[in-house]
Amino acid sequence: MSLLNELAEKNSVVAGSDAYKRITALFDEGSFNEIDAFAGVNSASGVVCGYGTVCGMPVYAFSQNKDVLGGAVGAAEANKIKKVYDFAVKTGAPVVGIYDSNGAKLAEEFDALGAYGDMLLWSNNISGVVPQVSVIAGTCAGTAAMVACGADVVIMSEKAELFMTAPSVLKASEKWEDEIATASACAQSGVVHLTAEDDMAAVAAAKDVISRLPMNNLSDVPAFEFSVNADAAAVLRAASEDIDSVDMTTVISSVADADSVVYLQAEYGDGAITALGTLEGATVGFVGLTDSLFIDECTKASRFVRFCDAFAIPVVTFINSCGFEKSILSENGGILKYATMLSHAYAEATTVKVAVVAGRAYGALYVAAAGRSANADMVLAWPNAVISALEPDAAVAILMNDRLAASENRDELVKEYCTVNASPLKAAQSGKVDDIIDAGLTREKLAAALSVMSGKRVTKLPKKHSNMPL
């Protein structure tokens, strides 16, 4: 058999694998080019690597090939993946990893351990330099799962498994009836950002996410054609009438361009909404803080703000929250540490940050997420917002104690405090709010603020990195 025939036969086998189908589906049609196609034992390797374009933007990717020794990772596979990261560093292009492997090549022993160590090192080194997206298409376990979860966005097929310790091992040693390692379980624990029906749907979701992100940490956010939600103004005005019923997903979807919002980690930390969307065609990170915030909410919002900051994606934060969880459980659970982490994430971020007080903003949460100490560039408020150093009930008990002692109605005093002492006008008069806006004009006001601040430049103090309380 001639060399050309051998190559053709080899290529036909690879092209029929799930790994090849997934990686080619990621790229624009006809743009995929394979790297190191013949590297490996007898030109066979447990990973397919290459580059192409996603919506016209250069992207590098690797896809583990379970058809070759179960996708086992050894030195050959690690070297191919390393080349992907090397190219990404040199050219400043995003990396997508598609995971489906039974584990390491045990026959290679310490070489296999070294291969995983190299993968962890490379992925961590380029974190914050180029966007990284992981697609969990099949089995992803142990150290490989750590590499995958280090990406900026993790997307998982509902038919895949993602775990540190094999479910069979856990079930043998513990009585546990809940799901383990499934997409649903990983979504609820905050391990993955998005789930999809199957592997190809997960790849399509990765393509959508990558298209929304800058090419690297020095690039501008991408721009898209856009349309406006026709009823956005009416929906926002209606939402502002009753701060007890403000739905943050409705607010974010109404402010953003029509059909542009992708909610991340939607099943984790319900009190914090995080989403990528566009506003007048430009990518924006949206955060909605609502209810009381506990560990999951603080962790979720902190990571998202840092992700946006790494790639200079503007952050718009909507606040309607009574603050951080108040209970013995939360105190003993370390709410102080996680609240400080949230404050640190906002204060350290130098990307454009605009806060909108859409309802309640009390005490430490206002300071952490919207106050000047949070380094907010602009703070807007809806007319019915309540901004207070303390919860109104507590403030009335302290500031109006004499009137309470005189048997004045507590509810009426709280209402008076909210409309007089804790009004957005009072906050604006003290310089804590830049503008009180008609809720129906929120989109226009935000677009103007982001546009005028698009050239923001900040010089930070010289240091290796901060030491946030993780």
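Excluded from the calculations below are hydrogen atoms, water molecules and symmetry mates; all remaining heavy atoms, backbone and side chain alike, are included. Predicted model, so just to flag it, every value in this text is computed and none were measured.
- At least one side-chain heavy atom of Met453 sits less than 4.5 Å from a side-chain heavy atom of Val354.
- Closest of all the heavy-atom pairs between Ala196 and Ala201 is CB-C, 3.7 Å.
- Taking CZ from Phe304 and CG from Asp309, the interatomic distance works out to 11.5 Å, rounded to the nearest 0.5 Å.
- Here the side chains of Tyr346 and Val287 are in contact, with some heavy-atom distance below 4.5 Å.
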Test side chain to side chain donor-acceptor pair (under 3.5 Å) applied to Tyr366 and Ser321, step by step: CA-CA 9 Å; Tyr366 170 80; Ser321 172; over 6 Å; no
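- In this structure, the side chains of Ile319 and Val356 stay at 4.5 Å or more apart for every pair of heavy atoms.
- Between Glu348 and Lys460, the closest side-chain pair of non-hydrogen atoms falls below 4.5 Å.
- Under the 3.5 Å distance criterion, the side-chain polar atoms of Ser292 are left unmatched by any main-chain donor or acceptor of Glu325.
- Atom-to-atom distance recorded for Lys83:NZ and Tyr60:OH is 11.5 Å, nearest 0.5 angstrom.
- The two residues Arg212 and Thr283 make their nearest non-hydrogen contact at O-OG1, 2.7 Å.
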Start with the C-alpha gap between Phe311 and Asp152, add the side-chain angles, then the distance that decides, and say whether side chain to side chain contact (heavy atoms under 4.5 Å, CB included) holds. CA-CA 11 Å; Phe311 299 106; Asp152 300 299; 3.8 Å; yes
Please report the C-alpha distance between Thr195 and Val192 in whole Å, then the side-chain angles of each, then the deciding distance to 0.1 Å, and finally whether the side chain to side chain contact (heavy atoms under 4.5 Å, CB included) criterion is met. CA-CA 7 Å; Thr195 61; Val192 303; 4.1 Å; yes
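- Annotation for Ala93 and Pro58: closest pair CB-O, 3.5 Å, computed over non-hydrogen atoms.
- The closest donor-acceptor contact from the side chain of Thr91 to the backbone of Phe87 lies under 3.5 Å.
- Residue-environment remark: CG (Leu336) stays at or below the threshold of 12 foreign heavy atoms within 6.0 Å.
- Relative orientation of the Tyr20 and Phe32 rings is perpendicular, given thresholds of 30° and 60° on the angle between their planes.
- Between Cys298 atom SG and His344 atom NE2 the span is 14.5 Å, to the nearest 0.5 Å.
- Proximity of a side-chain donor or acceptor of Asn65 to a complementary backbone N or O of Val47 within less than 3.5 Å is not detected.
- Listed for the Thr53 side chain is no donor-acceptor partner under 3.5 Å among the backbone atoms of Cys55.
- For Tyr51 and Ser31, the side-chain atoms include no donor-acceptor pair closer than 3.5 Å.
- In this structure, the side chain of Asn124 engages the main chain of Leu120 through a donor-acceptor pair within 3.5 Å.
- For the 3.5 Å distance criterion, the side chains of Asn229 and Ser254 fail to qualify, holding no donor opposite an acceptor.
- In this structure, Arg360 pairs ionically with Asp244, as a charged nitrogen and a carboxylate oxygen lie closer than 4.0 Å.
- Closest non-hydrogen pair, Val386 versus Pro392, comes out as CG1-CG, 4.3 Å.
- Contact check on Lys445 versus Asp434 returns no salt bridge, with no Lys/Arg side-chain nitrogen under 4.0 Å from an Asp/Glu carboxylate oxygen.
- Rounding to the nearest 0.5 Å gives a distance of 11.0 Å between NZ of Lys456 and CG of Leu450.
- Of the possible donor and acceptor atoms, one in the side chain of Asp28 sits under 3.5 Å from a partner among the backbone N and O of Gly56.
- When all heavy atoms of Gln64 and Ala19 are compared, the pair lying nearest together is O-CB, 3.3 Å.
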Applying side chain to side chain contact (heavy atoms under 4.5 Å, CB included) to Cys322 and Glu391, what does each step give before you reach the verdict? CA-CA 7 Å; Cys322 295; Glu391 288 195 20; 4.1 Å; yes
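- Between atom CZ of residue Arg306 and atom OG of residue Ser127 there is a gap of 9.0 Å, rounded to the nearest 0.5 Å.
- Val284 is listed as a side-chain neighbour of Phe286, based on a closest heavy-atom distance under 4.5 Å.
- Using a 4.0 Å cut-off between a side-chain N of Lys or Arg and a carboxylate O of Asp or Glu, Asp438 and Arg237 qualify as a salt bridge.
- Contact of the Val433 side chain with the Leu380 side chain is not registered, since no non-hydrogen atoms from C-beta on lie closer than 4.5 Å.
- The backbone N or O of Val95 lies less than 3.5 Å from no partner atom in the side chain of Gln132, so there is not a single donor-acceptor pair.
- Counting heavy atoms from C-beta outward, Val203 and Asp199 have side chains that stay 4.5 Å or more apart.
- For Lys300 and Asp296, the salt-bridge test fails: no basic side-chain N is under 4.0 Å from an acidic carboxylate O.
- Ring centroids of Tyr99 and Phe62 are separated by less than 6.0 Å, placing the two rings close together.
- A donor-acceptor pair shorter than 3.5 Å cannot be found between the side chains of Ser302 and Thr299.
- A donor-acceptor contact shorter than 3.5 Å is absent between the side chain of Asp198 and the backbone of Lys159.
- One finds no salt bridge joining Glu331 and Lys326 here, because no Lys/Arg side-chain nitrogen approaches an Asp/Glu carboxylate oxygen to under 4.0 Å.
- Remark: the Ser253 side chain and the Tyr263 side chain contain an N/O donor-acceptor pair separated by less than 3.5 Å.
- When atom types are taken as modelled, the side chain of Asp377 and the backbone of Lys353 share a donor-acceptor pair closer than 3.5 angstrom.
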Could you walk me through whether Cys149 and Leu162 pass side chain to side chain contact (heavy atoms under 4.5 Å, CB included), step by step? CA-CA 10 Å; Cys149 289; Leu162 177 64; 4.1 Å; yes
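- Rounding to the nearest 0.5 Å places CG of Leu279 at 12.0 Å from CD1 of Ile252.
- Within 6.0 Å of the CG atom in Asp220, the count of heavy atoms belonging to other residues, nucleotides or ligands does not exceed 12.
- Shown here for Arg22 and Ser63, the closest heavy-atom pair between the two residues is CB-OG, 4.2 Å.
- A donor-acceptor pair under 3.5 Å is formed between the side chain of Asn384 and the backbone N or O of Ser240.
- Annotation for Gln429: atom CD counts as buried by contact number, over 12 foreign heavy atoms lying within 6.0 Å.
- Counting heavy atoms from C-beta on, the side chains of Leu264 and Val262 come closer than 4.5 Å.
- The pair Lys82-Asp118 fails the salt-bridge criterion, with no side-chain N (NZ, NE, NH1 or NH2) lying under 4.0 Å from an Asp/Glu carboxylate O.
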List the steps and the verdict of side chain to side chain donor-acceptor pair (under 3.5 Å) for Asp257 and Thr278. CA-CA 6 Å; Asp257 298 335; Thr278 63; 2.7 Å; yes
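- Counting non-hydrogen atoms of other residues, nucleotides and ligands closer than 6.0 Å to CG of Asn467 gives a total of 12 or fewer.
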